[in-house]
Amino acid sequence: MKLKQSPLLVAMLVLALVLSACAGSAPAGETSTGAGAASVAAASQAAVNSAPLAASTAASTATASTAASVAASEAASTAASASAAAGGTGQASAAASTAAAASGSAAPVTPASAGEYLQTIRNRGRLVCGFHGGFAGFGTLDQSGNAVGFDVDICKAVAAAIFGDATKIEFRPLPSAATRFTAVQTREIDILSRNTTWTISRDTSVGMDFAPTTFYDGQGMMVRTAENLTRLEDMGGATICVQSGTTTELNLTDAFRALNLEISPVVFDTQDAATSAYAEGRCDGLTTDKSQLASIRVGLPNPDEHVIMDVTMSKEPLTPAVLQGDPQWHDLVAWVVYGLITAEELGITQENVDTFSASQDPNVRRFLGLEGELGQGLGVENNFMVNVIKGVGNYGEIYNRHLGPETPFNLPRGQNALYRDGGLLYAPPFR
Amino acid sequence: MSTTEVSPTALKPPQSSVNVVTLLRQNLFNGWINSLITVVLGWLVITVLYQVVNWVFTDATWAPIVTNLRLFWVGRYPETVLWRVQACLALVLLLFGLSGGLWGGVVRAVASGLAALMVLLALLPFGGGMRLYLAGTALLLGAGFVGGLRFPRLLRWPTIMLWLLSPLIVILLIRGFVTWSVIPFVDTGLWGGLLLTIFLAVVGIVASFPLGVLLALGRRSKLPVVKGFCVAYIELIRGVPLITVLFMAMLMLPLFLPPHVRVDNLVRVLVAITLFSAAYLAENVRGGLQSVPNGQVEAARALGLNVFQSTVLIVLPQALRAVIPAIVGQFISLFKDTSLVSLVGLTELFGIARGVIEQPEWITVTGGVQREVLIFVGLIYWIFCFSMAQISRRIETRLGVGTR
């Protein structure tokens, strides 16, 4: 009997082999580093031993990388990813970059050895950015299939800082909010720029590192203009439409409990259902994030009959996030965002950035890399902000392009104005 | 002889006078209750139809579909290398034309259907180049058809070889090479729209079918290890939803693999869909295997066929023939299930639809554009699934399922 079954067995075995061969061949084609584990392991010891020497003799351009430093970074990469994959705290990578920083300070003319994350991105030749893909104004596809939106431009800015070219980037849509952090943890994406609220648990237990907030959102309330409501205190006894199971719902009850007012929330499964219920007049108010309220309002039959109250019930700082464990990579993302804000402060725009090369203002000169070596500490060229501004413009330009008066949203800057205009945007100095 | 001969006029049925009025009276207005029901239902149908037609032609905003057509077809595939997709489509159509001419039967019906579709599309108001291309493909299909009909001996083997090579050609042409600048590499993350939907469905169907048959045979095997493995596999996969398998492939797999090994997203999704579909197919095929009477196997043995021969030549053909509807049902469901990959970040047809709905341009449209976009996408899915069902019915008729 066993003999007679054997052709079947053989056939199944062959199929299994073919399948595993297919699965095995795919990564070989896709792996950018392409180095076998064994050879990396063999090279790592030598590379670590010779790293200081290599650093001191390396060429002084920021992008140059000697064979030794590549090998070193690959070794670091293996170690760090292993620890990240094992759910570790990324100490290996931290150790690797501190070691790199030490060797850098010993020989300041060399480019600061890029952290392994930055080196991985360089080797790959493009930045992988996780964006929403279906959130109007922040991350959508335009008619030619390009990713567009506020969050998208933040990614482009980082790509411009690394490569001097805002197009060296791959966008990965992340429609499901639940899986976005897993995508960062598994290093599917280098940077998460997908209207993500910065919270303590995400920063600590989820293992993210958050760059500075790019968009300060908050939960708002839309009511009918005719009702003449201006404060939450006036809304006692009101019915309010809200999406169920969200922090929005909890924030709503919290806000009114704090005011000791009775309201009747009407909860819906989806935001669309809540919106249509409000439009049909089933509720006095509709609550969700203010940015979303603004786009809902313009979609209502008569936008002028509705008004978004000037109250904020919660803090929703939407912030780009990277994987915890590579301080240099986090620093780079953070300082690109700060740079966008600083550029607006200094009045440097996409159009006039070239005219600033003649500027005598030391702040401007340092900022644009005309003097000083601010880029080196981040592992990029000193004039990285010039590339960023040429690529996407300053913060105000990005904001106006996607959310400003020229767009259907017409969102006022509000909290997202510069500190000197009464907003919350405040960048530490570039020096 | 003459006694059995009957006059031809005597056998003719009575000439029934069928006209509209009597038909209506007999079927819709035979009694006051039925008349009332007819009137009420008729009024309802007309009202609803009027509303629908009114909405389609006056209220609906079809602009998002017209302006995003390229997104719906190929997703983010770069415009400059779009000719590669067009070439693939032309190749497949040519092959269908040739096969239709060579073999007739179901393939010929499919070829005619495709030709009709291309002509229909060419009549739609696309841009000039696109219409020219569509008309060209229709002509190519027709030329292949005529060629196959005229020179069957000459073209038979080249056609078969080309069919066998076509998956490779299509994949290589669409994917391109990193090192060869004539057809540069296009990252699989950029594949999208209908192109990706069809790609997922075709690869899923082609790969899961043999796997499903093997699993079904394995489940009936008398070797405990093989049988145990197949039962465990089938029951494990059938016990979880496809979306969990997809999430597993997309998000969990990198945790299990060594860090420098990155499997392409599309490959992961393809493997997940194939493995999932194979488990269901296995159960369908097993039903067919059970329907083959034991006498068939015994007769095959008596004729001296070994297990392999009797399985491949006697049992499987009968088993598969019996379960064509179930298998095609599984394939149709697989085609629709590809829409789930939009949840794990691939922009196939449904993923594109979700993106288009959220484009800022349509924010100011009252009520949004999701109805229009979803109806359009639903129509595309329907066309494909309906065609698959039709093809299955033709195959059944041809193989005489249920009649012999």
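Quick note on labels: first sequence line is chain A, next is B, and so on, each numbered from 1.
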[X], part contacting chain B, at a heavy-atom distance under 4.5 Å:
X	value
Phe171(A)	both
Gln143(A)	both
Asn146(A)	neither

Select one option (side chain, backbone, both, neither) describing which atoms of [X] are under 4.5 Å from chain A's heavy atoms.
X	result
Phe256(B)	neither
Thr311(B)	neither
Thr347(B)	side chain
Ile352(B)	side chain
Leu343(B)	backbone

Taking all non-hydrogen atoms of both residues, which atom of [X] and which atom of [Y] are closest, and how far apart?
X	Y	value
Ser144(A)	Arg70(B)	O-NH2, 2.9 Å
Asp187(B)	Arg126(A)	OD2-NH2, 3.5 Å
Pro360(B)	Pro408(A)	O-CG, 3.4 Å

- Go through Asp142(A), Leu174(A), Thr407(A) and name the one with the most non-hydrogen pairs under 4.5 angstrom from chain B. Asp142(A)
- Message: Which one wins on heavy-atom pair count under 4.5 Å against chain B: Pro303(A), Pro301(A), Gly130(A)?
- Response: Pro301(A)
- Message: Checking the side chain of Glu358(B) only, and the main-chain atoms of Ala136(A) only, is there a donor and an acceptor separated by less than 3.5 Å?
- Response: yes
- Item | Set of residues satisfying salt bridge (charged side-chain N to carboxylate O under 4.0 Å, His left out) with respect to Glu188(A), sequence neighbours excluded | Arg172(A), Arg268(B)
- Item | Val356(B) vs Leu141(A) side-chain heavy atoms within contact, under 4.5 Å | no
- Name all residues meeting the ring-ring contact (aromatic ring centres under 6.0 Å, His included) criterion together with Tyr278(A); count only those two or more places apart in sequence or in a different chain, and write none if there are none. His306(A)
- Residues, nucleotides or ligands: over 12 heavy atoms within 6.0 Å of Glu79(B) CD: no
- Nearest 0.5 Å, what's the CG-OG1 distance between Leu257(B) and Thr186(A)? 10.5 Å
